[in-house]
Amino acid sequence: MNYWLVKSEPDKYGWSHFTAQGRAVWDGVRNYQARNNLVAMQVGDQVLFYHSVTNPGVVGLATVVREAYPDPTAPDDPRWRVVELEPVMPLTRPVSLAQIKAEPMLGNIALIKQSRLSVMPIRPDEFELIVKLGMSV
DNA sequence: GCCAACGTTGGC
DNA sequence: GCCAACGTTGGC
């Protein structure tokens with residue numbers, strides 16, 4: 001199983017939209033590196049759901065329920081792909097970007113290294129730590 | 001709202 | 001293929 005982090009601006013598509021909807025087509029990705037990461041996702045992979053811009057931080061856990069297929073929002077451009085995600089559970093306490101930056105163990109996380117990438121792989125130990133921080137009282 | 005980082009576009 | 005201009009992302 002692999003681990004990932006996806007970003008979304010809560011004002012555009014936040015965790016609450018996601019859970020209300022119950023399933024999301026992760027469309028609109030227009031960056032090759034992010035697209036490559038989408039394509040590498042497999043059903044059952046675990047995904048950190050990250051709010052960017054407004055109160056940046058990881059707010060919930062999701063899972064991949066459908067693997068990559070052509071992005072219906074780019075019908076004339078075969079380059080782009082989507083996956084489908086479902087919410088698993090919210091973090092009891094969101095893990096802020098500041099917290100992530102403050103963790104020595106997370107010093108190499110792609111979130112910090114490549115701040116503009118919107119879909120990125122997460123190492124198992126990084127995933128575990130973020131979940132632990134997010135599920136603590 | 002500002003600005004740095006950085007990806008993309010297009011002229012040459 | 002290079003590089004300047006431009007647009008977007010995202011932190012603060």
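Numbers restart at 1 for each chain; the letters A, B, ... are given by sequence-line order, proteins then strands.
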### Task
Check whether any side-chain N or O of Tyr50(A) sits under 4.0 Å from OP1 or OP2 of dG11(C), and answer yes or no.
yes
### Query
What's the NZ-P distance between Lys101(A) and dG11(C), to the nearest Å?
7 Å
### Query
Quick one: CD on Gln33(A) to CG on Asn31(A), what's the gap to the nearest 0.5 Å?
6.5 Å
### Query
Taking atom P of dT9(C) as reference, at what distance in whole Å does atom CD of Gln114(A) sit?
16 Å
### Message
Does any part of the side chain of Leu48(A), heavy atoms only, come nearer than 4.5 Å to the side chain of Val6(A), both counted from C-beta?
### Response
no
### Query
In whole angstrom, what separates His51(A)'s NE2 from dT9(C)'s P?
17 Å
### Task
Please examine the side chains of Met41(A) and Val119(A), heavy atoms only from C-beta on, and report whether any two atoms are closer than 4.5 Å.
yes
### Query
Is there a donor-acceptor pair under 3.5 Å between the side chain of Glu126(A) and the backbone N or O of Arg123(A)?
yes
### Donor-acceptor contact present, side-chain Asn55(A) to main-chain His51(A), <3.5 Å
no
### Task
For Lys7(A) and Leu117(A), indicate whether the former's side chain and the latter's backbone hold a donor-acceptor pair under 3.5 Å.
yes
### Task
Please check the phosphate of dG10(C) (OP1 and OP2 only) for any side-chain N or O of Lys7(A) closer than 4.0 Å.
yes
#### Entry: Residues in contact with DNA chain B, drawn from residues 27-38 of chain A - heavy-atom cutoff 4.0 Å
Asn31(A), Tyr32(A)
## Note on the structure
residues 13-29 of chain A vs salt bridge (Lys or Arg N to Asp or Glu O under 4.0 Å), sequence neighbours excluded, gives Arg23(A)-Glu84(A), Arg23(A)-Glu86(A)
### Message
Determine whether a donor-acceptor pair (N or O, by modelled atom type, separation under 3.5 Å) exists between the side chain of Glu103(A) and the backbone of Ile100(A).
### Response
no
### Atom pair distance, as rounded to whole Å: NZ in Lys113(A) and P in dA4(B)
21 Å
## Note on the structure
Going by chain and number, the hydrophobic cluster around Val25(A) (ILVMFWY, side chain to side chain under 4.5 Å) further includes Tyr69(A), Val82(A)
### Query
Can you check whether Pro56(A) reaches Tyr50(A) side chain to side chain, under 4.5 Å on heavy atoms?
yes
Polar-atom pairs under 3.5 Å, protein N or O versus N or O of nucleotides 5-8 of chain C: list them with distances, or write none.
unit_1: dT8(C); atom_1: O2; unit_2: Arg116(A); atom_2: NH2; d: 2.8

#### Entry: Within residues 30-49 of chain A or reaching into it, pairs that qualify as salt bridge (Lys or Arg N to Asp or Glu O under 4.0 Å) - sequence neighbours excluded
Arg30(A)-Asp71(A)
### Task
With DNA chain B as reference, determine whether Ser115(A) or Val53(A) sits nearer its 5' end, using the nearest nucleotide of each.
Val53(A)
### Message
I need the CG-C1' distance between Leu111(A) and dG11(C), as an integer number of Å.
### Response
11 Å
### Query
Per the end-axis method with five pairs at each terminus, what is the bend angle of the helix from dG1(B)-dC12(C) to dC12(B)-dG1(C), to 10°?
10°
